[in-house]
Each structure stands twice: as structure tokens, then as C-alpha cells.
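First comes the structure, then the notes that go with it.
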There are 2 protein chains.
Amino acid sequence: MKPLMTLVDAGKITIASQLTDRLREAIVSGQLAAGAKINLERAREQFAVSLSPLREALARLISGGLVQFEDNRGYRVAPVSLSNLREITRLRKEFEVFALRESMSAGDIDWESDVMRALHKLNRCARDAAKPSTLEQWEASHREFHIALISGCRMPVLIEFCRVLLNLNDRYRRTFLRATSGDRKVGAEHGEIAQRAVARDVEATCERLELHIDRTGSNLLRHLAGKIGP
Amino acid sequence: MKPLMTLVDAGKITIASQLTDRLREAIVSGQLAAGAKINLERAREQFAVSLSPLREALARLISGGLVQFEDNRGYRVAPVSLSNLREITRLRKEFEVFALRESMSAGDIDWESDVMRALHKLNRCARDAAKPSTLEQWEASHREFHIALISGCRMPVLIEFCRVLLNLNDRYRRTFLRATSGDRKVGAEHGEIAQRAVARDVEATCERLELHIDRTGSNLLRHLAGKIGP
DNA sequence: GATATGGAAATAATCGATTATTTCTTGGTA
DNA sequence: TACCAAGAAATAATCGATTATTTCCATATC
């Protein structure tokens with residue numbers, strides 16, 4: 001019996017599960033390059049694990065769209081493309097706005113509180129381009145904020161879909177927009193969306209989220225086109 | 001070199017990949033009961049495979065929503081519930097209709113042809129309750145038809161999401177509606193949707209697909225409530 | 001020169017055995 | 001009886017070694 005332990009770490013215990021998180025982070029952060037072949041032997045050494053948990057972790061990442069697989073040819077990091085980024089942006093608008101609308105209709109006080117908590121945490125994250133750990137912290141808080149917004153909808157499958165889209169989107173931002181300074185507008189947008197969401201100002205909130213996703217998506221597309229287009 | 005082989009089977013070669021398909025089919029067909037724990041040792045024997053490909057196949061199925069996993073407690077078949085079925089129906093309406101609308105806007109002649117081909121194949125499937133293989137064939141054709149409808153949208157991520165929802169939905173139908181006779185109305189609905197889709201009669205098509213999903217969903221809900229409710 | 005062929009090296013896939021963790025059972029105690 | 005602890009059995013997780021497949025390269029052939 002180790003109930004305290006369980007409560008304290010509450011996290012992934014097995015190698016395969018830890019590795020799943022580490023690999024996802026490595027891909028989303030751009031540490032593992034888009035489109036790159038994943039050599040099992042080298043990955044095994046790099047992450048200091050054995051083959052079985054490595055394969056299991058990679059298998060789990062396939063349907064998140066971050067890893068591709070082909071029989072007898074192994075695993076590779078999913079490539080990036082303009083069309084993929086366009087689709088992700090389009091789907092985020094469709095799915096997240098739908099989920100947010102549901103949240104405002106079904107969310108209770110706990111949901112409202114979670115949104116405000118996530119907003120506060122996000123606002124308190126100081127991004128210091130010199131310290132990568134602060135960037136990672138901001139990314140985590142940012143993802144949590146967007147998930148918190150839609151978590152009132154009580155649709156676990158939908159939330160999971162949105163989480164997948166957020167991961168895919170974050171990879172583009174972290175890989176191709178790394179140096180960007182904190183873009184003042186974004187912070188203000190988050191605050192306004194959160195405020196109006198808990199106030200159940202449905203149409204205005206949805207409109208603003210859609211605009212927010214669109215604006216950040218277009219910004220990303222511009223940068224990406226500059227890097228892989230010409 | 002085996003180019004002919006590759007062309008002929010064009011399919012899954014490794015044990016892990018074949019097993020992924022077999023396990024998905026076993027779950028969707030109800031052969032593996034919803035909510036049931038998956039004992040690795042017994043599964044290993046039942047499917048006559050070794051542990052590594054078994055774990056890898058199960059890992060791949062997690063994010064399709066058919067398999068759940070917990071560290072050190074292993075894998076289990078995802079449970080069914082009224083709320084889960086309600087969510088799936090809701091999401092299918094939202095996303096399949098969205099994808100169909102896009103298809104009608106972006107689909108080319110190949111898309112139209114695929115739709116008509118899938119419709120024809122589906123119509124030619126005679127369901128004989130005495131012959132399970134005919135039921136399986138119908139299921140495959142039915143899934144293919146719904147995928148063909150939305151495949152014109154050119155959004156691979158969205159198509160994959162819809163495929164996941166279709167799998168989840170099919171499990172409910174195959175598990176809780178097995179004995180149902182061919183329900184005449186459904187066949188007519190498919191035909192009408194396909195015809196109007198290729199005619200780009202956007203609003204009428206979307207309306208009918210939404211109704212189709214809603215009707216089959218409600219029917220399922222009724223049956224399911226009768227079996228697990230009281 | 002382009003293309004095919006054979007074999008070696010690299011890599012992926014699988015297996016059987018071992019280790020770690022959980023679950024079950026039994027016996028003790030308040 | 002209800003609760004707890006210790007040991008045993010069952011099960012999950014991991015490892016190292018083996019097998020199968022692909023990729024690469026040198027050579028031969030047209």
C-alpha cells in the first residue's frame with residue numbers, strides 16, 4: 001500500500017507512459033524534427049530506455065497525429081505542411097467554438113472557477129526568451145487555459161479531439177515562432193474571452209475565440225510560408 | 001523483392017498491425033465485451049500472438065476510444081453508456097455534416113464517383129441474419145459509404161475524427177441492435193443523401209444526413225436504455 | 001550509361017524470460 | 001463481525017536476444 005505516494009505523484013509510473021509524455025514534448029517542442037525518421041536504436045539510447053516501452057509509447061502517439069507509422073519501415077515524426085496547418089486552424093475554429101458554446105450552456109460554477117484560475121495562471125507566466133523553462137511553462141498554462149474554456153461542455157470525446165488539435169497547433173507555434181516576443185494582443189484576448197465566457201455572453205465570446213484562433217493561425221501561416229515556401 | 005505481393009495484398013504485414021485490426025473488429029463486433037478487462041496472458045493465447053505485438057496493438061487502439069489503459073492495471077475495453085452514445089451522436093451530426101458540406105464544395109468528379117460506387121456496393125449487400133459474414137460485409141460497406149460521402153473535403157484530420165466516431169457508433173449498433181432486420185427506411189435515406197450530395201444540393205443534403213444520424217442514434221438510444229437502463 | 005543482381009549491413013519486428021506491481025487469500029486482532 | 005497485515009498468486013511491465021525485412025552498395029549485364 002502506498003496511498004500517499006499515489007496522491008503525491010498522481011502521475012505516470014511506467015516507463016512507457018513517462019516516455020509517451022517525453023516523446024510528445026520532444027516532438028511538439030521541435031526537438032525531434034518534423035518529418036524525421038525515428039531510428040529505434042538511436043532513440044533507445046537517447047532516451048535511455050529499452051525497445052518494448054519505446055515502441056509502445058510511439059504506438060500511443062500515432063493517433064494524436066504527431067507520429068506516423070508504416071509496416072516494416074518504422075516510425076517517423078509527422079511532417080508539417082501549409083495545408084496541414086490550414087486544416088488544424090479551420091478545425092480548431094469549428095470544434096473549439098462549438099465546445100465553448102456548449103460549455104457556456106452546460107458549465108457550472110466549478111467550470112467558471114477553473115477558467116478564471118487558468119487565466120490567472122497564464123497571466124502570471126512571464127515569458128523570458130532566455131530561459132526555455134519559462135517558455136515551456138507558458139505553453140503548458142496556455143494549453144490548460146484553452147482546455148479549461150471548453151471543459152464545461154461535458155463531452156470527453158470532444159475535449160480529447162480539441163486536445164489533439166491543440167497539440168498539433170502548438171508544435172507549429174513552438175517550432176516556427178520560437179523567438180516571438182509575447183505579442184501583447186494575445187494576453188488581452190485571453191482575458192476578454194474568459195470574462196465574457198463566464199458571463200455567458202455567448203455570441204460575443206464565440207466570435208472572439210474564433211477571431212483569436214484565426215489571428216494566431218494566420219500569423220503562423222505567414223511565418224511558416226516564409227520558412228518552407230520559398 | 002516482392003512487388004507483386006505488395007500490390008496484391010496492399011495490407012498489413014506485421015503481426016502488430018494485423019492484430020490491431022483483429023482487436024478493433026473484436027471490440028466493435030461485441031465479441032470482446034464492453035468494459036471487460038483485457039487479460040494479456042489470455043488474450044495472448046486467444047489471438048495466438050506474443051506479448052510485444054499485443055501490447056503495441058492495444059496501445060494503438062487507445063486514442064480511438066475503444067480501449068482504455070491505466071498504468072500497472074493494464075488495458076480494458078472501453079465501457080458503453082447512454083451519455084457516451086449521446087455524445088457520439090451529437091458529434092457525428094456536427095462533424096459529419098460539416099465535412100459533408102465541405103465535400104460538396106470541394107469534391108471533384110472522383111469524389112462523386114466514389115460516393116456512387118460506395119452506394120451501389122452498400123445497396124447490393126444482402127443482410128442475412130443467419131450468415132454473420134454478410135452482416136460484417138454490410139458493416140464494412142456502410143462505414144465505407146459514410147466515409148466516401150465526406151472524403152471530398154480534403155481534410156485528413158477531420159476524416160480520421162469521423163472515422164473514430166463511426167467506429168464508436170458501429171459498436172453500439174452491432175452490440176445492441178444485432179438482430180434488427182434491415183430497416184427499409186435506412187436504405188432509402190442513403191440513396192437520397194448520395195444523390196443529392198453529388199447534385200450539390202447542399203442544404204437539403206445536410207439536413208437529410210443530420211436527420212439520418214439523429215434517427216439511427218435515437219433508435220439505438222432506445223434499445224440501449226432498454227438493456228442497461230432498468 | 002542505365003539497369004538488374006547478390007549479398008552484407010542496418011533496421012524493424014518478434015519472442016521468451018525476468019522483474020515489478022497489484023490483487024487475492026489467509027490468519028490474526030480489536 | 002469488521003478491519004488490517006503478511007505472504008502467495010496473478011498479472012503487468014520490461015529486458016536482452018533472436019528473427020525477419022529493408023536498405024545500401026559493389027558488381028555484372030545489356
Side-chain angles (χ1 to χ4, degrees), chain A residues 1-24 26-27 32-33 35-63 66-78, chain B residues 1-24 26-27 32-33 35-63 66-78:
Chain A
M1 80 99 161
K2 281 185 239 169
L4 260 176
M5 267 312 262
T6 308
L7 279 173
V8 166
D9 76 9
K12 310 308 171 47
I13 303 195
T14 61
I15 297 180
S17 292
Q18 289 178 312
L19 193 53
T20 305
D21 293 342
R22 290 173 66 196
L23 281 167
R24 187 189 299 107
I27 294 172
L32 286 177
K37 178 108 188 48
I38 298 175
N39 180 297
L40 294 174
E41 183 54 32
R42 261 166 275 166
R44 199 193 62 72
E45 284 201 10
Q46 181 181 347
F47 290 93
V49 296
S50 151
L51 230 55
S52 328
L54 176 59
R55 290 187 69 94
E56 191 163 337
L58 286 168
R60 284 188 207 169
L61 290 175
I62 293 178
S63 17
L66 290 171
V67 163
Q68 293 183 343
F69 171 81
E70 206 178 343
D71 272 329
N72 284 322
R73 303 227 172 134
Y75 296 88
R76 67 171 54 244
V77 181
Chain B
M1 79 96 162
K2 280 185 239 168
L4 261 176
M5 266 312 260
T6 307
L7 279 174
V8 167
D9 77 9
K12 311 307 169 50
I13 303 195
T14 61
I15 297 180
S17 292
Q18 290 178 312
L19 194 53
T20 304
D21 292 342
R22 290 172 65 196
L23 280 167
R24 187 188 299 107
I27 294 173
L32 286 177
K37 178 107 187 47
I38 298 175
N39 180 297
L40 293 174
E41 183 54 33
R42 260 167 276 166
R44 199 193 61 71
E45 284 201 11
Q46 181 182 345
F47 291 92
V49 296
S50 152
L51 232 52
S52 325
L54 176 59
R55 291 186 69 94
E56 192 163 337
L58 286 168
R60 285 187 206 169
L61 291 174
I62 292 179
S63 18
L66 289 171
V67 162
Q68 293 182 343
F69 171 80
E70 206 178 344
D71 271 329
N72 285 322
R73 301 224 173 136
Y75 295 88
R76 69 171 55 244
V77 181

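The model shown is predicted, which means the values in this text are computed figures rather than measured ones. In what follows, chains are A, B, ... by sequence order, proteins preceding strands, each numbered from 1.
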Between [atom2] on [N] and [atom1] on [X], what's the gap in Å once rounded to a whole number?
X       : N      : atom1 : atom2 : answer
B:Leu54 : D:dA13 : CG    : P     : 11 Å
A:Arg60 : D:dA13 : CZ    : C1'   : 11 Å
A:Phe47 : D:dC15 : CZ    : C1'   : 19 Å
B:Leu19 : C:dA13 : CG    : P     : 14 Å
A:Glu56 : D:dA13 : CD    : P     : 7 Å

Can you list the residues that meet the salt bridge (Lys or Arg N to Asp or Glu O under 4.0 Å) rule with A:Arg44, with sequence neighbours excluded?
A:Glu41
Which residues pass the salt bridge (Lys or Arg N to Asp or Glu O under 4.0 Å) test with B:Arg24, sequence neighbours left out?
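Residues passing salt bridge (Lys or Arg N to Asp or Glu O under 4.0 Å) with B:Arg24: B:Asp21.
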A:Leu23 side chain near A:Val67 side chain, heavy-atom distance below 4.5 Å:
no
Kindly compute the distance separating CG (A:Leu66) from CZ (A:Arg60), expressed to the nearest 0.5 Å.
15.0 Å
Please report the interatomic distance OG1(A:Thr14) to CD(B:Glu70), rounded to the nearest 0.5 Å.
11.0 Å
Could you tell me which residues satisfy side chain to side chain donor-acceptor pair (under 3.5 Å) with A:Arg55, sequence neighbours excluded, listed by chain and number?
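In terms of side chain to side chain donor-acceptor pair (under 3.5 Å), with neighbours along the sequence ignored, A:Arg55 is linked to B:Glu56.
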Under the rule for side chain to side chain donor-acceptor pair (under 3.5 Å), what residues qualify as partners of B:Gln46, not counting sequence neighbours?
none
Minimum heavy-atom separation for A:Ala59 to B:Ala59, with atom names?
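Looking at all heavy atoms of both residues, the closest pair is CB-CB, 3.9 Å.
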Per the end-axis method with five pairs at each terminus, what is the bend angle of the helix from C:dG1-D:dC30 to C:dA30-D:dT1, to 10°?
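Taking five pairs per end, the axes differ by 30°.
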For nucleotides 6-12 of chain C, read 5' to 3', which letter fits each nucleotide if B means a protein heavy atom sits under 4.0 Å from the base, S means only the sugar-phosphate is that close, and - means neither?
-----SS
Please determine if a side-chain N or O atom of B:Ser50 lies less than 4.0 Å away from the OP1 or OP2 oxygen of C:dC15.
yes
